[in-house]
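Have a look at the structure below before the remarks.
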Amino acid sequence: MRRVERVAIRVGKFLSWGFLLIALIMVYEVVARYVFGAPTFWAHDIAGLLAAFAFVAGGAFCMVEDGHMRVDVMLGRVGPRWRGRLDLLGYAAGAVYLSGMAWAAGAMSERSLFRFAHDGTWMPERSGNTWNTPAPGLVKFALFLGAVLFLAVVIMRAIDLLRGVRR
């Protein structure tokens, strides 16, 4: 397993713990709101942020684990030679899509997260709710990182296929 694939697995497994934290936060929020009449102002933001981070890392993780869905109806009817060609076509389409996503997410995160006032004060895009966190910019930056990681895995898989290495 290559370094990029190991990174995708580690990041995916680490961020998947976010779903457990989301469940715990939501239980806490429900108990605080309905039992004690004291809803939190932070639970929704944190749950959304954790879910976003986990989802953006999921693509690369699934690719490394061979967990992506495929159209087996077509692939099952063709020989190994055509299967390789169809896989390569899928990798090329994925690379084009992920390149565009990485470029757009990078531009969006630059505009929303890396903003500074004239005096050097950090002025990121804010959520606009009671807590007013910089969550929107953080999610956009995470989307950029997730797209770059996924793109790296797709490119490595395409190179392996062109070299004749079958996974």
Side-chain angles (χ1 to χ4, degrees), residues 1-30 43-114 124-125 127 133-167:
M1 189 176 287
R2 293 189 173 113
R3 181 178 299 170
V4 171
E5 293 171 325
R6 285 193 303 269
V7 168
I9 293 294
R10 286 185 187 137
V11 168
K13 285 183 178 181
F14 176 74
L15 291 177
S16 70
W17 285 98
F19 292 114
L20 175 63
L21 285 174
I22 291 169
L24 294 173
I25 288 169
M26 291 298 103
V27 167
Y28 179 84
E29 169 64 18
V30 168
H44 179 74
D45 273 358
I46 295 296
L49 200 58
L50 289 171
F53 287 167
F55 277 116
V56 299
F61 178 84
C62 285
M63 176 65 84
V64 173
E65 291 282 311
D66 286 326
H68 280 106
M69 295 179 146
R70 294 191 175 120
V71 183
D72 286 337
V73 172
M74 279 180 24
L75 290 177
R77 295 180 181 190
V78 298
R81 187 174 183 184
W82 273 99
R83 182 178 294 225
R85 290 176 181 166
L86 291 173
D87 281 344
L88 193 57
L89 179 64
Y91 291 147
V96 168
Y97 173 77
L98 290 166
S99 295
M101 180 186 281
W103 179 80
M108 287 188 315
S109 67
E110 183 178 1
R111 284 192 305 273
S112 70
L113 191 59
F114 301 106
E125 178 182 357
S127 60
T133 66
L138 294 172
V139 169
K140 291 170 186 173
F141 189 64
L143 182 60
F144 167 72
L145 294 176
V148 168
L149 182 61
F150 197 176
L151 177 61
V153 171
V154 166
I155 289 171
M156 291 182 68
R157 291 291 170 104
I159 290 170
D160 284 348
L161 186 62
L162 289 171
R163 287 182 176 165
V165 177
R166 202 75 167 125
R167 292 183 178 253

What is the distance from atom [atom1] of [X] to atom [atom2] of [Y], rounded to the nearest 0.5 Å?
{"X": "Leu151", "Y": "Trp103", "atom1": "CG", "atom2": "CH2", "value": "15.0 Å"}
{"X": "Leu86", "Y": "Arg81", "atom1": "CG", "atom2": "CZ", "value": "12.5 Å"}
{"X": "Met156", "Y": "Glu5", "atom1": "CE", "atom2": "CD", "value": "5.0 Å"}
{"X": "His44", "Y": "Glu29", "atom1": "NE2", "atom2": "CD", "value": "10.5 Å"}
{"X": "Ile25", "Y": "Leu20", "atom1": "CD1", "atom2": "CG", "value": "9.5 Å"}
{"X": "Tyr91", "Y": "Leu98", "atom1": "OH", "atom2": "CG", "value": "12.5 Å"}

Original post:
Between the side chain of Arg111 and the main-chain N/O of Gly137, is any donor-acceptor distance below 3.5 Å?
Top reply: no
Subject >> Those residues that, when tested against Phe150, pass ring-ring contact (aromatic ring centres under 6.0 Å, His included) (two or more places apart) >> reply: His68
More than 12 heavy atoms of other residues, nucleotides or ligands under 6.0 Å from [atom1] of [X]: is that the case?
{"X": "Tyr28", "atom1": "OH", "value": "no"}
{"X": "Arg10", "atom1": "CZ", "value": "no"}
{"X": "Phe14", "atom1": "CZ", "value": "no"}
{"X": "Glu110", "atom1": "CD", "value": "no"}

**OP:** Would you mind reporting whether Asp66 and Arg157 have side-chain heavy atoms less than 4.5 Å apart?
**Re:** yes
State, to 0.1 Å, how close [X] and [Y] come at their nearest heavy-atom pair, and which atoms those are.
{"X": "Val56", "Y": "Ala142", "answer": "CG2-O, 3.5 Å"}
{"X": "Val11", "Y": "Ala57", "answer": "CG1-CB, 3.8 Å"}
{"X": "Gly106", "Y": "Ser109", "answer": "O-OG, 3.1 Å"}
{"X": "Ala8", "Y": "Val64", "answer": "CB-CG2, 3.9 Å"}
{"X": "Gly18", "Y": "Leu50", "answer": "O-CD1, 4.1 Å"}

**OP:** Examine Phe53 together with Phe141 and report whether their ring centres are nearer than 6.0 Å.
**Re:** no
Subject >> Derivation and outcome, side chain to side chain contact (heavy atoms under 4.5 Å, CB included), residues Leu113 and Lys140 >> reply: CA-CA 8 Å; Leu113 191 59; Lys140 291 170 186 173; over 6 Å; no
**OP:** Mind running side chain to side chain contact (heavy atoms under 4.5 Å, CB included) on Leu149 and Val7 for me, showing each step along the way?
**Re:** CA-CA 8 Å; Leu149 182 61; Val7 168; 4.1 Å; yes
**OP:** Apply side chain to side chain contact (heavy atoms under 4.5 Å, CB included) to the pair Phe144 and Met108, showing each step before the final yes or no.
**Re:** CA-CA 9 Å; Phe144 167 72; Met108 287 188 315; over 6 Å; no
